[in-house]
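Written out below as C-alpha cells is the structure these notes cover.
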2 protein chains.
Amino acid sequence: MSAGRDAPPQRALPVLADVARLSGVSEITVSRVIRNKGPISDKTRERVLHAVAETGYVPNRLAGALASADSMLVGVVLPSVTNIVFADVLRGIHEALAPAGYQPVVGVTGYDADEEERAVRSLLAWQPAAIILAGFEHTEATRRMLAASRIRVAEIMDIDATPIDVAVGLSHRSAGRDIARYLLSRGYRRFGYVGHDWDSDHRARLRFEGLTEELAAQGLALVAERRIAGPSSTLAGRETLAGVLATGERPDVVVFSNDDMAVGGYFHCLAAGLVPRHDIGLFGFNGLEIGAALPLRLSTVRSNRFLIGKLAAEALVARPDRPADTAIINTGYEIEAGETA
Amino acid sequence: MSAGRDAPPQRALPVLADVARLSGVSEITVSRVIRNKGPISDKTRERVLHAVAETGYVPNRLAGALASADSMLVGVVLPSVTNIVFADVLRGIHEALAPAGYQPVVGVTGYDADEEERAVRSLLAWQPAAIILAGFEHTEATRRMLAASRIRVAEIMDIDATPIDVAVGLSHRSAGRDIARYLLSRGYRRFGYVGHDWDSDHRARLRFEGLTEELAAQGLALVAERRIAGPSSTLAGRETLAGVLATGERPDVVVFSNDDMAVGGYFHCLAAGLVPRHDIGLFGFNGLEIGAALPLRLSTVRSNRFLIGKLAAEALVARPDRPADTAIINTGYEIEAGETA
DNA sequence: TTCAGGAATGACAGCGCTGTCATTAATTGA
DNA sequence: TCAATTAATGACAGCGCTGTCATTCCTGAA
C-alpha cells in the first residue's frame with residue numbers, strides 16, 4: 001500500500017498535496033483551481049496552474065468520485081459493439097455525454113441476459129450516475145439491482161413495453177406493420193421472410209410479428225419463412241435466401257430481419273442472375289450505408305440509431321434523479337423506398 | 001456529503017459496514033469473503049454471503065480501487081468504434097481482459113491527435129493498470145503523460161516504428177509491398193490506387209508507400225491515383241472508382257485503401273457492367289466478412305484484428321510493470337486471393 | 001473610525017474500502 | 001501436557017480527494 005515510503009527512490013506520482021506544497025497554498029485551494037469551483041484570486045490560480053504543469057499532476061478521479069459521491073460515469077450495456085447498429089448508438093451517447101462532462105463505461109452482453117446481469121452488476125460497482133441498456137429483457141436480478149440503485153435508467157432501441165424509468169427508441173412492431181403496408185401498396189402479395197435468431201434479438205421478432213399481423217389483417221400469410229440459428233450476417237443472408245429459393249418456393253418479395261441479411265440476399269440475386277424488384281423484391285431494416293451503396297439502393301427502414309443514443313444520454317443528463325413516473329421517447333423511423341422493393 | 005444522516009429516511013445504499021453488522025463480523029472479514037481472499041471459515045462465509053444477498057450489497061469499486069491502489073481498469077483509446085476494424089480489436093481486448101478480471105474503459109479520438117491527448121489524460125485519471133492506444137502518432141504531451149504514468153502501454157495495429165513499451169500489429173508497409181508482389185505475379189502491370197484521407201489514417205499511407213515502393217523497384221508507377229478527403233466508405237469507394245474510370249484512365253487493377261472502399265468499387269463495376277478481374281482487378285485490405293459474401297469473393301489482405309486486441313491485452317496483463325526494453329508482437333497478415341484480382 | 005458583507009482561503013472530517021500488523025482460537029507433534 | 005504452528009478474525013490507519021463550516025482579509029458605507 002504505502003509503496004515507496006522508505007523503499008528505493010521510486011518517486012510516487014504527484015498528488016494534490018505535492019502541488020499544494022509547491023504552490024504554497026492548501027490542498028483544497030488547488031482542488032478548487034483544478035475544478036474551477038469557488039472564488040480564487042488570479043494570482044493564486046496562476047501559481048497553482050504553474051505548479052500543476054511543473055509536477056505533471058493528474059487528478060485521481062477515483063478519489064475525487066469517492067469523496068464527492070459523484071463519479072460522472074454513465075454505464076452503457078450493449079449486446080455487441082461489433083454490430084454497427086450499436087456502434088452508432090454508442091456514438092450518439094458519447095456525443096451527448098462528452099459536453100456534459102460524463103464518461104461512458106461500456107459493458108457487452110453478447111445478447112445474453114445473464115451476461116447482462118453480470119455487466120450491470122459490475123458497472124453498478126463504479127457508482128455510475130446513470131445506466132443505459134438495450135431492450136426490456138432483463139433478468140429478475142438485473143431489475144432488482146437497477147431498482148435498488150435508484151440511479152437513472154434508460155432502456156433503448158425499443159419502446160414496445162413499459163420501461164423502468166425511460167425508454168428511447170422506436171416501435172419495432174409498428175415498423176413491421178408499416179413494412180407490410182408499404183409492400184402491399186407496392187403490389188406484393190406473396191411474402192417471404194428470411195431472419196436470424198430472435199431469442200437473442202427480440203426486436204427482430206417484434207418486427208416479424210408486426211409484419212405477419214398486418215398481413216393476416218389483409219387475409220395473407222407468409223408463403224416462405226426461414227430463420228437461421230445464429231446472428232445475422234451478409235453471408236447468412238445470402239445462403240438463406242438461396243436455400244429458400246432452392247426449395248422452389250417463389251415469394252414475390254422477401255423481407256429480411258435486417259440490412260445485413262438483406263444485402264446478403266441481394267448478393268445471392270446477383271450471383272443467381274435475379275434482378276431485385278423485377279424478379280424478386282428485397283426489403284431490409286436499419287438503413288445502413290452499405291444498402292445505399294448497392295447498384296440498386298436497398299429498400300429498407302431507417303432506424304435513427306445515433307439519435308437514440310443521443311436522446312437517451314441527454315434525457316439522463318438533464319435530470320439526475322429518477323422521476324416519479326416512466327417516460328417514452330419515440331425516435332421514429334422512416335421507410336426508405338430504395339430500388340429493391 | 002453525509003446525505004441522509006438526519007435527513008428524511010432516504011435509505012442510503014448498503015455499505016460494507018451494514019453487511020458486517022448484519023452478519024456479526026468485522027468489515028474486513030466481509031471484504032475478505034467478497035474478494036475471496038485470505039482464510040475464512042465456511043460458517044462465516046455462509047453468514048456473510050447471506051447478509052450480502054439480503055442487503056443487496058454491491059461493493060463500491062471506487063473505494064476499493066482507491067484503497068488498494070489497483071483499479072483493474074485498462075484504458076483503451078481508439079480512433080473510432082463505428083469502424084468494424086476497431087470494434088473487432090475491442091472484442092479481442094475484451095476477450096483477454098475479462099478472464100483476468102480487468103475492465104476496459106474506452107476513449108474515442110475521431111482520428112485526431114489532440115482528442116487522443118484529451119482521452120489519454122482523462123483515462124489516466126482513473127488510474128488504469130495499463131493503456132492501449134492505436135498507432136504511434138501521439139502528441140508530445142501524450143507521450144510525456146504516458147511516460148510519467150509508468151503504467152504499461154500497448155500501441156496497436158502498426159509495428160512500423162519504435163514503441164513506447166510494446167507494439168502489437170502488423171507491418172503495413174510490408175503488406176503494401178506484398179500486395180504489389182502478389183498482383184504483379186498475377187500479371188497486372190497498370191496499377192491504379194483509390195484511397196481515403198491518410199492524414200488521419202496513417203496506416204493506409206504506409207500501405208500505399210509499400211505498394212509504390214515495390215512497384216518502383218520493378219520499374220513501374222501508378223497509372224492512376226485518387227484519394228478522397230474524408231474517411232473511407234463504400235459509397236466513396238464506388239464514386240471514386242467511377243471518377244477514375246470516367247477520366248479515361250484504364251488501370252488493369254485498382255488497389256483500394258481498404259475493403260470498404262473496394263466493395264464500393266465492386267458495386268461500381270456491377271452498375272457499370274464491368275466484370276471484376278476479367279475487365280478490371282480489385283484489391284482491398286482487411287478481410288471483412290462482406291468481401292467474402294460478394295458474388296465474387298473480394299481479393300484482399302486478412303489483418304488479424306481480433307488477435308491484435310487479444311495479444312495486446314494479454315501482453316499487458318501478463319506483466320504489470322513496464323519492462324526495461326520495448327517489444328514488438330507481429331500478428332502478421334495473409335493475402336486472401338479471392339476472385340477479384 | 002467602525003463594522004457589515006463579501007472574497008479568498010483553510011482546517012477538518014470522512015467517502016468506503018483494503019493493507020498491515022496484531023490477536024485469539026484451534027491444532028499438532030514430541 | 002505444552003510449546004509451536006496454523007487458521008480465523010479484527011483494530012487501525014490511510015488511499016487522495018472534496019463538502020462543510022470556519023477564519024482571515026479587504027472594501028466601502030455609515
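Atom set for the values below is all heavy atoms of this structure, side chains included, hydrogens, waters and symmetry mates excluded. Order of the sequence lines sets the chain letters (A, B, ...), proteins ahead of strands, with each chain counted from 1.
We find that CD1 of A:I28 is positioned 5 Å from C1' of D:dT18, with the value rounded to whole Å. Distance B:D42 CG to D:dT9 P: 10 Å, rounded to the nearest Å. For B:D70 and D:dG16, the CG to C1' distance is 16 Å, given to the nearest whole Å. Here C:dT18 presents its P atom at 12 Å from CE of B:M72, a figure rounded to the nearest Å. Rounded to whole angstrom, the span from the CG atom of B:L16 across to the P atom of D:dA11 amounts to 13 Å. In this structure, the NZ atom of B:K37 is 9 Å from the P atom of C:dT18, given to the nearest Å. In this entry the distance linking CD1 of A:I40 with C1' of C:dA7 reads 10 Å, nearest Å. Rounded to an integer number of Å, the gap from B:L62 CG to C:dG16 P is 11 Å.
The side chain of B:S41 places an N or O atom within less than 4.0 Å of a non-bridging phosphate oxygen (OP1 or OP2) of D:dT9. OP1 or OP2 of D:dA8 has not a single side-chain nitrogen or oxygen of B:R47 nearer than 4.0 Å. Note on B:T44: a side-chain N or O is less than 4.0 Å away from OP1 or OP2 of D:dT9.
Closest to the side chain of B:S26, from the set C:dG10, C:dC17, D:dA11, is D:dA11. Taking the side chain of B:P39 as heavy atoms from C-beta on, and the options D:dC17, C:dG16, D:dA7, the nearest nucleotide is D:dA7.
Side chain A:R32 to base C:dG10: a donor-acceptor pair is found below 3.5 Å.
Shown here for A:A134 and A:M157, the closest heavy-atom pair between the two residues is CB-CG, 4.2 Å.
When each of A:E155, A:R143, A:E117 is paired with A:H138, the side chain to side chain donor-acceptor pair (under 3.5 Å) condition holds for A:E155 and for no other.
For the pair B:T29 and A:A17, nearest-nucleotide mapping onto DNA chain D gives the more 5' position to B:T29.
Using a distance-only test at 3.5 Å, with no hydrogens or angles considered, no donor-acceptor pair links the side chain of A:N304 to the main chain of A:L307.
For the residue pair A:R45 / A:S41, no side-chain donor-acceptor distance below 3.5 Å is found, with atom types taken as modelled.
B:R61 comes within 4.0 angstrom of nothing in the nucleic acid, heavy atoms only.
The environment of A:D321 atom CG is dense: over 12 non-hydrogen atoms of other residues, nucleotides or ligands sit within 6.0 angstrom.
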